[in-house]
Amino acid sequence: MLKIKNLHANVEGKEILKGINLEIKAGEVHAIMGPNGSGKSTLASVIAGKEEYEQTEGEIILENEEISELEADERARKGVFLSFQYPVEIPGVSVTNFIKTAINETRKAQGLEEMPAKDMLKKIKEKSELLEIKRGFLSRSLNEGFSGGEKKRNEIFQMAMLEPKFAMLDETDSGLDIDALRIVSNGVNKLKTKDNAVMVITHYQRLLNYIVPDFVHVLMDGKIVKSGGKELAHKLEEHGYDWIKEEMKMA
Amino acid sequence: MNELRFMDLKDKLISSFYAYEDHLQVTDQVHDVKVQAIKDFETLGFPKKKEEAWKYTSLNKLLKQDYNLFAQVEDALDYKEVKKYFIHEIDTYTIVFVDGVYASQLSSTTHDKIDACLMSSAMEKDKYADLLEKYFNKIAPKSGLNALNTAFARQGAFINIPKNTVADKPIQIINFSTGKENNLMIQPRNLIVVGENAQVEIIERHQSLTENPVFTNSVTEIFVDKRGMLDFYKIQNDTHHASLIDNTFIKQMAETHCSVHTFSLGGALTRNNLEFYQKGEHSNSILKGVTLIEGKQHVDHNTLVHHTQPNCESHQDYKGIYDEKSVGVFNGKVLVEKIAQKINAYQSNNNILAHDDATINSKPQLEIFADDVACSHGCTIGQLDEEALFYLKSRGIPAKEARALLTYAFANNVLESVKIGAIKKRINKLIANKLNVNLGFDL
């Protein structure tokens with residue numbers, strides 16, 4: 001699904017990603033963990049195509065296609081999705097208007113007609129029920145005045161509507177109470193198929209109890225320094241990151 | 001040199017007035033008003049750049065041209081060709097002028113319960129003499145441009161909504177210019193009288209049908225009696241060769257509610273002089289505007305809200321998006337007299353510069369002589385939010401559409417207060433066309 005080879009990236013002239021290699025196959029869930037400032041969010045933003053983040057080296061290959069040169073919207077239309085850690089408030093654009101525009105622009109780019117209003121409504125109804133989103137919520141301005149939990153639920157609602165091949169969840173668990181965490185995780189799990197893949201960025205093991213990863217990677221100072229199964233997340237929860245630093249010194 | 005050329009146009013206008021004075025078909029009373037007006041124009045002349053209110057808008061280029069003052073060719077337009085400029089989706093009265101001349105075949109006027117007809121006929125008829133005596137040229141303050149219009153104005157809309165009457169449908173005033181006369185100068189003059197506890201909605205549009213230059217100096221006087229309601233929508237989406245000075249003056253009595261929405265989406269030079277005079281307690285004035293221009297277009301909103309009575313409100317909300325080398329001006333004045341306590345006056349002017357070469361001059365002016373008032377103003381100038389653009393793009397929305405959506409969202413709260421759905425839809429469409437996107441917006 002997604003192959004990342006020797007990825008380097010700068011933010012404001014400073015190198016943040018220092019050679020990342022990662023392969024995520026269809027049907028897999030990967031978790032990226034690591035201390036603050038290790039480059040987790042940068043990795044997600046670079047894959048999504050954020051312009052301010054300059055990719056200086058390496059390749060990002062989505063289903064055999066190198067996408068490094070593509071604009072963010074082109075990547076999105078090819079199936080890349082990023083659930084933002086801090087979704088932007090956009091007053092004046094309703095959730096419904098936004099998602100309809102996103103879906104229809106994607107269809108247009110694929111040479112398809114706009115989705116018939118009836119089908120759109122049906123899909124919105126189905127996916128909003130999955131995330132226990134109330135009707136009134138959908139006519140509100142995008143993220144404006146949303147609580148932390150509402151913002152995250154809205155992100156996963158968009159993911160459900162857009163059905164991406166490769167979804168990145170950037171600290172989707174932050175700001176969520178236990179009920180919201182359950183709803184959001186349940187939504188992600190229901191959307192998971194053998195044909196798509198998910199990359200979960202998190203600080204805490206907590207989310208991984210709900211969205212169970214096949215692989216866990218530890219990112220430190222712009223590099224993946226350790227990879228393992230889900231038990232690695234437990235160990236990090238218990239012991240922190242210092243033991244990895246020690247291991248690295250020994251090596 | 002420039003001064004001399006101004007003189008040329010000014011002199012030409014003055015001598016033309018005396019040449020056609022004998023052909024005026026108006027009551028003696030109106031005749032006197034016009035003669036006085038041309039004398040005032042002679043004294044006051046055109047506004048100069050050194051005047052504070054004209055600091056950022058120069059008429060020099062416009063005044064260097066030679067204008068035809070009277071259309072020679074009367075042209076019958078085919079409704080099918082101009083239908084798109086009407087808000088035709090809803091039933092309305094229409095008062096239409098072509099090159100300054102009334103176009104009866106495009107109009108649908110009335111004298112049934114309300115008057116929606118012509119200024120010229122109101123000026124000729126004795127039954128309107130009282131109204132004209134009371135309001136014609138009484139609301140507009142003395143200025144060179146107003147005087148010029150008063151002297152020359154022959155045509156325009158006359159709207160009279162009697163006491164306790166709600167106009168059964170909106171009234172559209174449309175001024176077309178055909179370009180058959182090159183460099184035509186038009187001076188429409190509207191008078192609107194909204195009686196006690198009466199209501200009306202008005203839509204106004206100036207539209208050139210060719211690329212030939214046209215210069216319109218329009219004056220609209222509006223009187224709204226106690227508990228009256230007026231909603232006025234101005235659609236300014238003209239060609240790059242059409243210039244408009246719109247002078248609109250509204251006198252409000254107690255417990256009135258008046259709103260003016262101005263959509264400035266195109267024109268060479270557009271200047272809106274919009275003034276509200278509150279003359280009774282518990283009145284409310286609403287001024288809203290969206291400006292979206294590009295190229296070398298210039299739009300200037302010069303507003304005044306004069307609070308002379310206590311317990312009143314005014315709300316001003318102007319949004320501007322300026323691309324390429326366009327220039328915007330917002331000069332919003334709120335004047336609160338000493339007696340006008342408990343006023344709530346709010347003013348906001350937010351701008352987006354979509355291009356490095358675009359300019360906005362924003363100048364809020366609050367002059368407050370009362371001590372127990374709530375007055376606030378805010379002005380912002382910025383760019384479209386890059387984070388928001390990335391957010392939209394990350395969902396598959398292409399850059400152009402993402403910009404359009406954010407631009408639209410930025411202007412949206414001005415549109416929210418538009419009460420006529422067909423207007424809202426039309427403006428949405430005009431904005432989408434301007435931004436060259438095929439987005440519905442209206443969800």
Side-chain angles (χ1 to χ4, degrees), chain A residues 44-45 47-53 70-84 86-110 114 117 120 124 138-139 141-144 154-155 158-159 161-164 167-168 170, chain B residues 261 263 288-290 292 317-321 348 350-352 378 380 382-418 424-425 427-429 431-432 435-443:
Chain A
S45 294
I47 296 171
K50 189 167 184 165
E51 274 167 46
E52 296 90 321
Y53 291 18
L70 299 183
E71 294 279 322
D73 55 302
E74 295 171 296
R75 298 185 196 194
R77 293 196 295 272
K78 289 190 181 294
V80 175
F81 181 89
L82 170 60
S83 167
F84 285 76
Y86 304 109
V88 192
E89 298 194 1
I90 307 185
V93 178
S94 70
V95 176
T96 311
N97 188 3
F98 173 59
I99 201 67
K100 279 184 185 178
T101 307
I103 286 178
N104 282 329
E105 287 301 322
T106 302
R107 291 176 66 95
K108 259 191 241 171
Q110 292 162 347
E114 290 197 352
M120 184 75 81
I124 289 175
L138 298 170
S139 55
S141 278
L142 197 55
N143 296 321
E144 193 186 30
N154 181 34
E155 292 293 289
Q158 292 173 36
M159 175 180 160
M161 289 296 293
L162 293 166
E163 299 174 280
M168 298 176 281
D170 190 0
Chain B
H261 287 74
F263 301 104
K288 297 209 171 193
V290 174
L292 175 59
D317 191 353
Y318 282 82
K319 298 275 165 78
I321 302 105
S348 144
N350 305 112
N351 303 286
I352 286 178
T380 60
Q383 273 92 38
L384 287 181
D385 181 358
E386 289 295 330
E387 291 293 322
L389 275 173
F390 177 58
Y391 189 75
L392 299 188
K393 285 170 75 180
S394 79
R395 299 300 182 249
I397 301 173
K400 192 173 73 179
E401 279 72 14
R403 287 185 170 277
L405 205 57
L406 288 183
T407 303
Y408 179 78
F410 172 73
N412 188 41
N413 70 332
V414 169
L415 282 158
E416 271 173 1
S417 53
V418 172
K424 208 182 281 188
K425 274 195 180 151
I427 301 298
N428 284 350
K429 205 172 147 200
I431 291 177
L435 299 171
N436 193 22
V437 291
N438 181 20
L439 291 175
F441 293 138
D442 51 343
L443 289 157

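All chains are named by letter (A, B, ...) in the order of the sequence lines, taking the proteins before the strands, and each is independently numbered beginning at 1.
A/K108 touches chain B through its side chain: at least one heavy atom from C-beta onward sits under 4.5 Å away, while N, CA, C and O do not. In this structure, the portions of A/P87 lying under 4.5 Å from any heavy atom of chain B include both its backbone and its side chain. With a threshold of 4.5 angstrom between heavy atoms, B/A402 does not approach chain A through any atom at all. B/L406 touches chain A through its side chain: at least one heavy atom from C-beta onward sits under 4.5 Å away, while N, CA, C and O do not.
With A/R77 contributing its side chain and B/G396 its backbone, the two residues share a donor-acceptor pair below 3.5 Å.
Between A/S45 and B/F390, the closest heavy-atom pair is O-CZ, 4.3 Å. Of all heavy-atom pairs between A/V93 and B/A409, the closest is CG2-CB, 3.4 Å.
Between atom CZ of residue A/F84 and atom OG of residue B/S394 there is a gap of 3.5 Å, rounded to the nearest 0.5 Å. Expressed to the nearest 0.5 Å, how far CD1 of A/I99 lies from CZ of B/R395 amounts to 7.5 Å.
Between chain B and the residues A/L142, A/T106, A/I90, A/N104, the most heavy-atom pairs under 4.5 angstrom are made by A/I90. Highest contact tally toward chain A, considering only B/I397, B/L415, B/D385, is held by B/I397 [criterion: heavy-atom pairs under 4.5 Å]. Ranked by heavy-atom pairs under 4.5 Å with chain B, the first of A/M161, A/E52, A/E89, A/E155 is A/E155.
In this structure, A/F98 and B/Y391 have parallel ring planes: the angle between them is below the 30° cut-off, well short of the 60° mark.
A salt bridge between A/K50 and B/E387 is present, with a side-chain N of the basic residue lying under 4.0 Å from a carboxylate O of the acidic one.
More than 12 heavy atoms of other shown residues, nucleotides or ligands fall within 6.0 angstrom of atom NZ in B/K424.
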